[in-house]
Undergrad: 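Starting off with a structure, shown below.
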Protein chains: 2
Amino acid sequence: MGVTIKEVAKAAGVAPSTVSRVIADHPRISPATKKKVKKAMKEMGYHPNANARGLANRSTQSLGVVMPSSANKALQNPFFPEVLRGISAVAHQLDYSILLSTGEKDEEMLEGVERMVYANRVDGIILLYSQVNDPVLHFLLEKDFPFVVIGKPSERVDEITHVDNDNIRSGKNITNHLIDLGHENIAFIGGSTDLIVTIDRMRGYQLAIEEAGLPYLEEYRVHTEFLKSGGSQAVSELFNLPKPPTGLVIADDLMSIGVINMLEEFGMLVPEDVSIVSFNNVYLSEVTRPPLTTVDIHIYELGYQAAKCLIDKVKNKLEPAKRIIVPFTIELRQSAQSREKTLNE
Amino acid sequence: MGVTIKEVAKAAGVAPSTVSRVIADHPRISPATKKKVKKAMKEMGYHPNANARGLANRSTQSLGVVMPSSANKALQNPFFPEVLRGISAVAHQLDYSILLSTGEKDEEMLEGVERMVYANRVDGIILLYSQVNDPVLHFLLEKDFPFVVIGKPSERVDEITHVDNDNIRSGKNITNHLIDLGHENIAFIGGSTDLIVTIDRMRGYQLAIEEAGLPYLEEYRVHTEFLKSGGSQAVSELFNLPKPPTGLVIADDLMSIGVINMLEEFGMLVPEDVSIVSFNNVYLSEVTRPPLTTVDIHIYELGYQAAKCLIDKVKNKLEPAKRIIVPFTIELRQSAQSREKTLNE
DNA sequence: GTGAAAGCGCTAACAG
DNA sequence: CTGTTAGCGCTTTCAC
């Protein structure tokens, strides 16, 4: 095994506790011994043992990150690597490790989180999703374990630190963009209504539609699992309505790509026949054809802020619950065009 | 903090070591005490402390997973979540945790791995990529730390346990598919030649081309960073050649999607004007338009096998180096069609 | 400013 | 089969 603190101590001619103090950058230590010890550490290639440290001061310097269940294909959404990038950045900077947890089924996920918490493997946890009635959330709440969620918690919003976008407002804004382009029949396509993000974005859509005095129709709202076979049917039904939509608000870029391809199969072009706007601005949305008009939610920043909040919270149990709203911007690209143009073609 | 082994011992009226034995499922322990202890554990909500365990028996029950640097957009490739799924599956099953490491720059990545190793945070490491002259690989080799790579190591192939596909053969097969379809001018588009996977797939392409007596031309080989702006130019040059290709072998599905869109910009359709085949069979390749003819490399299985190998190796330092080749299959879809058809249209 | 000693929670001989 | 006794490597009072 590696060099231990004792060996360093002996080599430097001091006590182990002194070496420990040097590691911790203790104030009351003479520059001379400090230098001496540091030299010995370097020469011997000393590195503190995380386990021993953790055991001695009941902390782990690591953060748990919980991805959603991989049962659906949602995990393949580039959202996750991107948010991980943000988390990693601060973790690396502040010398934290990242423990990843996911699972095929919901039950497996809970098990994973329980293990992290019970075994004392992490100091805190970041939830990369938010859905109604989440057993993981309940568990964390019950154990009073430090955690933050990316997205808006489905309950106890004021007691749970979370980092989110204003999805209602962005939903409203992006829908308004379609309205400004002259569209009057605008449908909404989103994923599971168990996800808070879907709910919020649809709510924004609703607000814009109603404020503009346009019809907020049941038939205009489609909820389908990401790109599943059933999705194709749902979308086709939309276009068999007496008044098919000319504009689509879609809750996720990846879904948009799927929908665009479905539409093409039905012989409809985007944006010539139907305009599409969506959310996230993942990298793909820029290089797909047509490039997507989409809400940039600044995924990296979501991860970055969440990690910072969590570390604050971990270091100070009394840190109050915070809500951080990361601003969004709208990327205008080619998937949406004016209704006029649509008609003239 | 949580319940300790001592408290359980006292409650069950046995010694701590007995409790420890029960936890470890030690053979020589009477069913009676075993039951008694288990009952106490359950009642008190006991969970062993991972740190203390690790410290006492110098092991961590966790695996480090190293993703490539996030400097380029490669991280957004659905390959990674998918391979993580495979790793997670066995990790969960065998009660291992997953420590994730990545970094913006190469240097940061090395730092991350060093920390994992030096601080004794992981028992072994999985490298999710393989490139030439990788400092991380060198470090691991030098420290003689247990690790496996997914892909083919750039050096010391026989000494390093790795899980890979036969990328040369798959490259050859899929190129042959294009040849069988009657294509004679076939180009190759791949990412960085620092990546072994690119090299192998191109090599397969070369073999097929040469075996068929077709021209293996310098101008037919394009290496471009994934979907970068430069990529567009490189691709356009390809089609300004005196004999532009009618078939494209592309080293990665995501790249294919980018290329298809570029081509469309130039007014060329896939597969009508040019046929495309590629690799990985990520979920997107099935729902994109056209669906991609691609090599299914069984990503999940790669992760699954890698994790198993690593755990074997961790448990038994003497485990010999292995090479596991995960078989590939070819998914025939619509992005490639016969040269005849191409001409007739 | 530094050392001695106790202990974090668990495991692993060694006895018996 | 089970209890006793040492630690694993580090931190942290408490003295000096």
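First the proteins, then the strands, lettered A, B, ... as listed; each starts at 1.
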Undergrad: Of the residues in residues 33-48 of chain B, which ones touch DNA chain D at a heavy-atom distance under 4.0 Å?
TA: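 Result for residues 33-48 of chain B: Thr33(B), sorted by number.
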
Undergrad: Please state how far atom CG in Asn49(A) lies from atom P in dC8(C), giving the value in whole angstrom units.
TA: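 After rounding, the gap between these two atoms is 18 Å.
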
Undergrad: Does Arg58(B) have a side-chain nitrogen or oxygen under 4.0 Å from the phosphate oxygens OP1 or OP2 of dT11(C)?
TA: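 The answer is no; no side-chain N or O of Arg58(B) sits under 4.0 Å from OP1 or OP2.
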
Undergrad: Taking atom C1' of dG9(C) as reference, at what distance in whole Å does atom CG of Asn120(A) sit?
TA: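 Asn120(A) atom CG is separated from dG9(C) atom C1' by 10 Å.
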
Undergrad: What residues form a ring-ring contact (aromatic ring centres under 6.0 Å, His included) with His47(A), not counting sequence neighbours?
TA: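 If we apply the ring-ring contact (aromatic ring centres under 6.0 Å, His included) test to His47(A), skipping adjacent residues, the hits are Tyr118(B).
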
Undergrad: Between Glu108(B) and Lys105(B) (salt bridge meaning N to carboxylate O under 4.0 Å), is one present in this structure?
TA: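 Looking at Lys105(B) together with Glu108(B), the answer is no, because their closest N to O distance does not fall below 4.0 Å.
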
Undergrad: What's the closest nucleotide to the Val14(A) side chain, out of dC8(C), dG3(C), dC10(D)?
TA: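 Minimum distance to the Val14(A) side chain belongs to dG3(C).
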
Undergrad: Can you give each donor-acceptor pair under 3.5 Å made by side-chain atoms of residues 125-137 of chain A, sequence neighbours left out, with the distance rounded to 0.1 Å?
TA:
from	atom 1	to	atom 2	distance (Å)
Tyr129(A)	OH	Asp134(A)	OD2	2.9
Ser130(A)	OG	Lys152(A)	O	2.6
Asp134(A)	OD1	Val136(A)	N	3.1

Undergrad: Should we count NZ of Lys35(B) as having more than 12 external heavy atoms under 6.0 Å?
TA: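 Counting neighbours around NZ of Lys35(B), 12 or fewer heavy atoms of other residues, nucleotides or ligands fall under 6.0 Å, so no.
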
Undergrad: Tell me whether the side-chain N/O atoms of Arg53(B) come closer than 4.0 Å to OP1 or OP2 in dT11(C).
TA: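 Arg53(B) to dT11(C) OP1/OP2: side-chain N or O found under 4.0 Å.
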
Undergrad: dT2(C) P sits how many Å from Ile5(A) CD1, rounded?
TA: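 After rounding, the reported distance stands at 15 Å.
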
Undergrad: Can you list every ring-ring contact (aromatic ring centres under 6.0 Å, His included) pair that touches residues 75-117 of chain B, not counting sequence neighbours?
TA: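 Qualifying pairs, neighbours excluded: none.
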
Undergrad: Which side-chain N or O atoms in residues 6-18 of chain A pair as donor and acceptor under 3.5 Å with protein atoms at least two apart or in another chain?
TA:
from	atom 1	to	atom 2	distance (Å)
Glu7(A)	OE2	Thr4(A)	N	3.0

Undergrad: Please pick, from dC10(D), dA5(C), dC10(C), the nucleotide with the shortest atom-to-atom distance to any side-chain atom of Ala56(B).
TA: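 Within the option list, the nearest is dC10(C).
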
Undergrad: Got more than 12 heavy atoms from elsewhere within 6.0 Å of NZ, Lys42(B)?
TA: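 Check fails, neighbour count at 12 or below.
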
Undergrad: Using the side-chain heavy atoms of Ser17(A), tell me which of these nucleotides is nearest: dT12(D), dG9(D), dA12(C).
TA: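 Of dT12(D), dG9(D), dA12(C), dT12(D) is nearest to the side chain of Ser17(A).
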
Undergrad: Check every strand shown and say whether Ser30(A) touches a base, only sugar-phosphate, or nothing at a heavy-atom separation below 4.0 Å.
TA: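 Sugar-phosphate: the residue Ser30(A), judged by heavy atoms under 4.0 Å, touches backbone atoms but no base.
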
Undergrad: Please evaluate residues Arg121(A) and Ser97(B) with respect to the criterion side-chain hydrogen bond (donor to acceptor under 3.5 Å, both in side chains), reporting the C-alpha separation (whole Å), side-chain torsions for both, the decisive distance (0.1 Å), and the verdict.
TA: CA-CA 9 Å; Arg121(A) 282 179 181 283; Ser97(B) 294; 3.2 Å; yes

Undergrad: Could you check how far NZ of Lys6(A) sits from C1' of dA5(C), rounded to whole Å?
TA: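 Distance, rounded to whole Å: 12 Å.
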
Undergrad: Salt bridge check, Asp123(B) against Lys315(B): does any charged N sit closer than 4.0 Å to a carboxylate O?
TA: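 Salt bridge between Lys315(B) and Asp123(B), a charged N being under 4.0 Å from a carboxylate O: no.
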
Undergrad: Specify the residues of residues 18-29 of chain B, ordered by number, for which at least one heavy atom lies under 4.0 angstrom from an atom of DNA chain D.
TA: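 Hits under 4.0 Å, by residue number: Thr18(B), Arg21(B), Arg28(B), Ile29(B).
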
Undergrad: Rounded to the nearest Å, what distance is computed from the CG atom of residue Asn57(A) to the C1' atom of nucleotide dG7(C)?
TA: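 Distance check: Asn57(A) CG to dG7(C) C1' gives 13 Å.
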
